Amino acid sequence: MVKKGVGITITEHIITQQRMNPEATGAFTSLLNELVVAAKIISREVNKAGLVDILGATGKTNVYEEQVQKLDIFAHQVIVNRMKHLGQLWCMASEEDPDLIEIPSQFPKGNYILFFDPLDGSSNIDVNISIGTIFGIYRRPESNSTEPLLSEILQPGIKQVAAGYFIYGSSTIMVYTTGNGTGVHGFTLFPSIGEFLLSHENIRIPEQGRTYSVNEGNYEYWDEKVKEVVDYFKRPDKETGRPYTSRYVGSLVADFHRNLLKGGIFMYPADKKDPKKPEGKLRLMAEANPLAFVVKEAGGYASDGKGAILEIEPQSLHQRVPLFIGSRRDVMMVEAYLSGKIEKPDLKAV
Ligand code: AHG
Ligand code: MN
Ligand code: MN
């Protein structure tokens with residue numbers, strides 16, 4: 001349904017979606033549109049990162065004790081500065097800020113809550129590999145609190161009203177969904193006109209993939225069942241299309257996006273590498289939940305190895321979670337095996 005000529009812009013698409021959601025108001029549309037503006041600014045900086053002094057580490061570490069890259073902070077500040085005066089947010093939470101980000105008193109508050117990973121794939125910033133931004137949007141729950149309470153903010157991922165990501169790669173792409181059967185849609189930024197145009201309408205992830213994505217360098221730190229699952233995907237078997245191809249670039253958004261379009265399973269299991277990160281490296285609120293919401297709408301599934309990511313009741317703002325996400329059949333099989341429902345990894349069992 002892409003029009004001839006210029007094509008459908010993201011703004012038109014969001015308004016069309018808004019008309020499909022009776023209770024959606026212009027507030028949601030302006031929120032998503034402002035996020036698009038922030039992404040355009042980040043994309044421009046990423047694309048000229050090699051030319052200006054925005055590369056390299058800040059010498060600081062974040063709440064996860066990870067080296068913070070200048071571009072992480074730049075992207076974080078762009079999003080906070082653009083979103084705080086909009087009047088649509090009750091509060092925000094960023095992977096780069098240990099605390100809730102409150103809306104300054106001089107600006108009106110709104111009814112939405114934004115979680116985001118301002119720059120995903122930081123280790124790839126200065127080696128010209130795709131990086132991205134991930135976001136999830138919730139509605140503020142009914143309450144007469146005058147200030148944001150953590151108990152209100154920490155909602156299971158199934159409560160998201162929208163989620164998506166931007167990838168700053170060979171082109172800048174935005175993928176988002178408002179759930180409820182509205183589909184997952186991709187837009188490509190045309191720098192010459194400064195607009196995101198519909199390029200991937202109604203993305204559906206293949207039921208089963210032929211790709212697995214995992215950092216095998218952590219193999220010795222995984223528990224035995226996880227090792228067995230990864231070994232299973234590598235073992236030749238015509239009937240189930242194995243061995244799978246291994247693809248892992250180290251940017252979650254890039255690995256996720258490739259698997260969304262072509263099929264496959266991305267895994268970041270819990271590992272014993274760092275006692276401070278027993279649940280693995282990825283964050284529930286800023287990474288796993290938004291992508292779990294997208295993949296579910298596209299016909300896929302996301303699990304922590306025991307159950308659905310979207311059903312997890314969050315306990316803290318920055319909690320980490322093991323993540324198995326992508327083609328439904330692959331992820332369901334891994335969950336069935338890791339949770340003891342099947343004796344051995346076996347795609348024919350699901
Ligand atoms: P971030 O840059 O936001 O910290 O995210 C990096 C994450 C994710 O993008 C990627 O899948 C993962 O780190 C790679 O981790 P390893 O280098 O440990 O495989
Ligand atoms: Mn990330
Ligand atoms: Mn990040």
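These numbers were taken from a predicted model, which means no experiment stands behind them. Whatever order the structure lists them in is the order used to number ligands and atoms, beginning at 1.
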inquiry  = Parallel, tilted or perpendicular: which one describes the rings of F115 and Y138, with boundaries at 30° and 60°?
reply    =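 The rings of F115 and Y138 stand perpendicular, inter-plane angle above 60°.
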query = Between Y176 and F187, how do the two ring planes meet: parallel, tilted or perpendicular, split at 30° and 60°?
reply =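 Tilted, since the angle between the ring planes falls between 30° and 60°.
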task = Give a yes or no on whether N128 atom CG has more than 12 heavy-atom contacts from other residues, nucleotides or ligands under 6.0 Å away.
result =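 No, the 6.0 Å shell around CG holds no more than 12 heavy atoms from other groups.
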ask   = Crowded around K109 NZ? As in, over 12 foreign heavy atoms under 6.0 Å?
value =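 Atom NZ in K109 is packed in, count exceeds 12.
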inquiry  = Can you confirm whether or not the ring centre of H200 sits under 6.0 Å from the ring centre of H185?
reply    =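 Here the rings of H185 and H200 have centres that are no less than 6.0 Å from each other.
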inquiry  = For E335, is there an ion pair with K306 - N to carboxylate O distance below 4.0 angstrom?
reply    =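 Result for this pair is no, no salt bridge flagged.
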request  = Evaluate the side chain to side chain donor-acceptor pair (under 3.5 Å) criterion for residues S327 and E207: first the C-alpha distance (whole Å), next the side-chain angles of each, then the deciding distance (0.1 Å), finally the verdict.
outcome  = CA-CA 5 Å; S327 291; E207 178 70 4; over 6 Å; no
task = May I ask whether S123 has any heavy atom positioned less than 4.0 angstrom from an atom of ligand 1?
result =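 Contact check S123 vs ligand 1: negative.
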inquiry  = Heavy-atom contact check, 4.0 Å cutoff: does N124 meet ligand 1?
reply    =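 Not so, N124 does not reach ligand 1.
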message = Just to be sure I'm reading this right: ignoring hydrogens, which of V214, T133, D120, I131 gets closest to atom 8 (C) of ligand 1? Compare them by their nearest heavy atoms.
response =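 Minimum heavy-atom distance to atom 8 (C) of ligand 1 goes to D120.
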Find all atoms of ligand 1 within a distance of less than 4.0 Å from any non-hydrogen atom belonging to [X], and give their numbers and elements.
| X | answer |
| --- | --- |
| Y248 | 14 (C), 15 (O), 16 (P), 19 (O) |
| L252 | 8 (C), 9 (O), 10 (C), 11 (O) |
| N215 | 16 (P), 18 (O), 19 (O) |
| S251 | 9 (O) |
| D117 | 3 (O) |
| E287 | 3 (O), 5 (O) |
| F266 | 11 (O) |
| G121 | 1 (P), 2 (O), 3 (O), 5 (O), 6 (C), 9 (O) |

Identified side-chain hydrogen bond (donor to acceptor under 3.5 Å, both in side chains) counterpart of S94 within the set H318, Q77, H76 =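 Filter result, single survivor: H76.
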query = Looking only at side chains, do E195 and T9 share a donor and an acceptor under 3.5 Å apart?
reply =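 Checked: E195/T9 side chains show no N/O donor-acceptor pair below 3.5 Å.
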ask   = Does a donor on one side chain and an acceptor on the other come within less than 3.5 Å for R139 and Y112?
value =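 The criterion, which ignores hydrogens and geometry beyond distance, is satisfied for Y112 and R139.
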task = Tell me, please, whether Y212 has K234 positioned over its six-membered ring: NZ or CZ under 6.0 Å from the ring centre and within 45 degrees of its axis?
result =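 Because its charged atom misses either the 6.0 Å distance or the 45° angle limit, K234 does not stack over Y212.
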ask   = Who pairs with Q315 by side-chain contact (heavy atoms from CB on, under 4.5 Å), at least two apart in sequence or on another chain?
value =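 Listed in chain order: E313, Q319.
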query = Excluding waters, which protein N, O or S atoms are within less than 2.8 Å of the Mn ion (ligand 3)?
reply =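 The answer, once waters are left aside, is E95 OE2, D117 OD1, L119 O.
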query = Under 3.5 Å, N or O to N or O, is L119 touching ligand 1 that way?
reply =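 Indeed, backbone or side chain, L119 has an N or O that close.
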query = Taking non-hydrogen atoms only, is R283 closer than 4.0 angstrom to ligand 1 via side chain, backbone, both or neither?
reply =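 For R283, the contact with ligand 1 is made by the side chain alone.
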